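Presented below is the structure to which this report refers.
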Amino acid sequence: MAIEVKQINKRFGDFIALDEVSLNFPAGELTALLGPSGCGKTTLLRIIAGLEHPDSGQVLLDGEDAAARHVRERQVGFVFQHYALFKHMTVFENIAFGLRVKPRKVRPSEAQIRDKVTQLLELVQLDWLADRTPPQLSGGQRQRIALARALAVEPRVLLLDEPFGALDAKVRKELRRWLRRLHDELHVTSIFVTHDQEEALEVADQIVLMNRGRVEQIGAPDEVYNHPASPFVYGFLGNVNLFHGRVHQGVLATGGASFDVPSHADAQDATGIGYVRPHEFEVDRYAPGAQGIVVQLRRAHAIGPLAQLELERDDNAEMIEAVISNERYAHLKLKEGETLVVRPKRLHVFVDGVTQ
C-alpha cells in the first residue's frame, strides 16, 4: 500500500507539532522518520494510523482519503515502544488476539488461528516460547512478539514507534538487522520512528529528516548522509566539526587557515560555516609552511581499528575531533602534546542557507 500525506497540520495548544507536512511513502519500502524529540515524527505516525486526527490536510492510502475509514479499516499494524502486550495472556494468545476479536463473519476458524500464530512464531524465531507470558521474556523477545501480533492481522501498512528504544545497545543492533531481513521477506509498507541516526541509516530504504514540525530532507540513507540539505541535517547525522569564518570569492577563511569552496565563488565577505566529519581529515606532523589547520594533540583513544584524536586549535576555537586508522596512528607514533596539522579531505560549506 502506498501512503501519501498532504499538507498535514497539527497543533497542541500553542505548540505546532506538524507544519504543512507533505510526504510520499512508496509501497513495499521501509521508511524512517528521523529527528529529535518533539519534532513531530510520532504525531505524524499516529495520524497515519488513525490514532490522532490532523487539524487540516489529508492522508491517502492507495489514493483514497483515509478520513472516511475507521482505524480498524485502515489495515494498519502498530508496534509501540513499550510492547503493549497483555501480561496475563500467553505469547500464543497475545499474537492470536487480533484474529479473535475480528467480526464473526471474517474471523478465522480456531484451526486457522492456530496455524497462523504458529507460522508467525516461527517467523520471529520464538516458537519455543508459545506458552510463556510476557513477564517471562527478555525485552528483545517481547518486541518480537509485539511485531508478530501486529503482523497477525495481515496489515497492508506496518507502523513502528521507537520499536527498539527501550532496549540496550547490543540487543537494538541485533533486532534492527533482524527487522531489515524480515522486511525484505515480507515487503510490507513500513514506517518507523527513531531518533537514532545509526539505526535509520542501517535499516531504512528512505529517510525523512524532521525538525520542529517540518521536513528538512527526504532521501536514501547515502543521499542524506553524503549530501545534507541543511546545517540541521549535517549536524544531526553523526559527529561533525564546525569551522566558522568568512567566505569571499570562493575561499573560506577560518582562523589561520583558508580553504577553496568554488561553489561559493560569488560570495562577497559572507558569514560561512564549514562542516567536516571526523573521518574526513588528513593528519600529519607539523612542519614549517605546512598547509592546513595547526593543532595540538590533547588526547588519543586508539582501541580497535580506529584511533580517535582530540585536537586543540592554535586560535582557541572549538576542539577538533579526528578519526584515523590505528595503522596510520601507529605509523606516525603520535604523542600527546605534539603539534600536528590537519586538512579536510571533504569540506561542506553553508553560506546564508546555501550549501556547497
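Since the model is a prediction, treat every value here as computed from it, not as a measurement.
Taking 4.5 Å as the limit, every side-chain heavy atom of T31 sits out of range of all side-chain heavy atoms of I207. For the pair L44/K10, no side-chain contact is recorded, criterion being any heavy-atom separation below 4.5 Å from C-beta on. R180 places a side-chain heavy atom less than 4.5 Å from the side chain of D184. Under the 4.5 Å side-chain criterion, counting only non-hydrogen atoms from C-beta, Q143 is in contact with V79. Residues Q141 and L126 form a side-chain contact, since some pair of their non-hydrogen atoms from C-beta on lies under 4.5 Å apart. The shortest side-chain heavy-atom distance between D284 and R328 falls under the 4.5 Å cut-off. For the pair L121 and W128, the minimum side-chain heavy-atom distance is 4.5 Å or more. A heavy-atom distance below 4.5 Å is not found between the side chains of V295 and V283.
Heavy atoms of other residues, nucleotides or ligands lying less than 6.0 angstrom from CZ of R343 number more than 12. A 6.0 Å sphere centred on CD of E20 holds more than 12 heavy atoms belonging to other residues, nucleotides or ligands. Under a cut-off of 6.0 angstrom, the local environment of CG in D131 is sparse, with at most 12 non-hydrogen atoms contributed by other residues, nucleotides or ligands. A 6.0 Å sphere centred on CD of Q291 holds no more than 12 heavy atoms belonging to other residues, nucleotides or ligands. With a 6.0 Å radius and a threshold of 12 heavy atoms from other residues, nucleotides or ligands, D266 has its CG atom at or below the threshold.
Using modelled atom types, one side-chain atom of H264 and one backbone atom of V349 make a donor-acceptor pair closer than 3.5 Å. Looking only at distances, a side-chain donor or acceptor of E338 sits under 3.5 Å from a matching main-chain atom of K335. A donor-acceptor pair under 3.5 Å links the side-chain atoms of Q217 to the main chain of A229, judged by distance alone. Remark: the backbone N or O of V261 is not paired with any side-chain donor or acceptor of S263 at under 3.5 angstrom. Remark: side-chain polar atoms of N9 are not paired, donor with acceptor, to backbone N or O of D19 under 3.5 angstrom. The backbone N or O of V193 sits nowhere less than 3.5 Å from a side-chain atom of D161 that would complete a donor-acceptor pair. No donor-acceptor pair closer than 3.5 Å links the side chain of E93 to the backbone N or O of T90. At least one donor-acceptor pair closer than 3.5 Å links the side chain of T189 to the backbone N or O of G28. The closest donor-acceptor contact from the side chain of N326 to the backbone of G304 lies under 3.5 Å. No side-chain donor-acceptor contact under 3.5 Å links K116 to the backbone of A96.
Electrostatic pairing of E280 and R346 counts as a salt bridge here, judged by a charged N lying under 4.0 Å from a carboxylate O. Under the 4.0 Å criterion applied to side-chain N and carboxylate O atoms, D196 and K173 are not assigned as salt-bridge partners. Ionic pairing of E312 and R298 is present here: one or more N-O contacts between side-chain nitrogen and carboxylate oxygen are shorter than 4.0 angstrom.
If you take CD on E321 and CG on N241, they are separated by 6.5 Å, rounding to the nearest 0.5 Å. Atom CG of L34 and atom CD of Q197 lie 6.5 Å apart (nearest 0.5 Å).
For H348 and F350, the distance between ring centers is under 6.0 angstrom.
Counting only residues at least two apart or on different chains, the side-chain hydrogen bond (donor to acceptor under 3.5 Å, both in side chains) pairs with a member in residues 242-253 are R246-D269, R246-T271.
For the pair R313 and F243, the cation does not sit on the ring face, since its NZ or CZ is not both under 6.0 Å from the ring centre and inside 45° of the axis. Relative to the six-membered ring of F86, R149 meets both conditions, a distance below 6.0 Å and an angle of at most 45° to the axis.
Checking Q7 against S22 by side-chain atom types alone, no donor-acceptor pair falls below 3.5 Å. Side-chain atoms of T133 and Q136 form a donor-acceptor pair, as typed in the model, at a separation below 3.5 Å. Between the side chains of E29 and H187, not a single donor N or O lies within less than 3.5 Å of an accepting N or O.
Note: the hydrophobic cluster containing L297 does not contain V341 (ILVMFWY, side chain heavy atoms under 4.5 Å, direct or indirect links).
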Review point. Can you list the steps and then say if I113 with R100 is a side chain to side chain contact (heavy atoms under 4.5 Å, CB included)?
Key: CA-CA 8 Å; I113 290 175; R100 294 199 194 285; 3.9 Å; yes
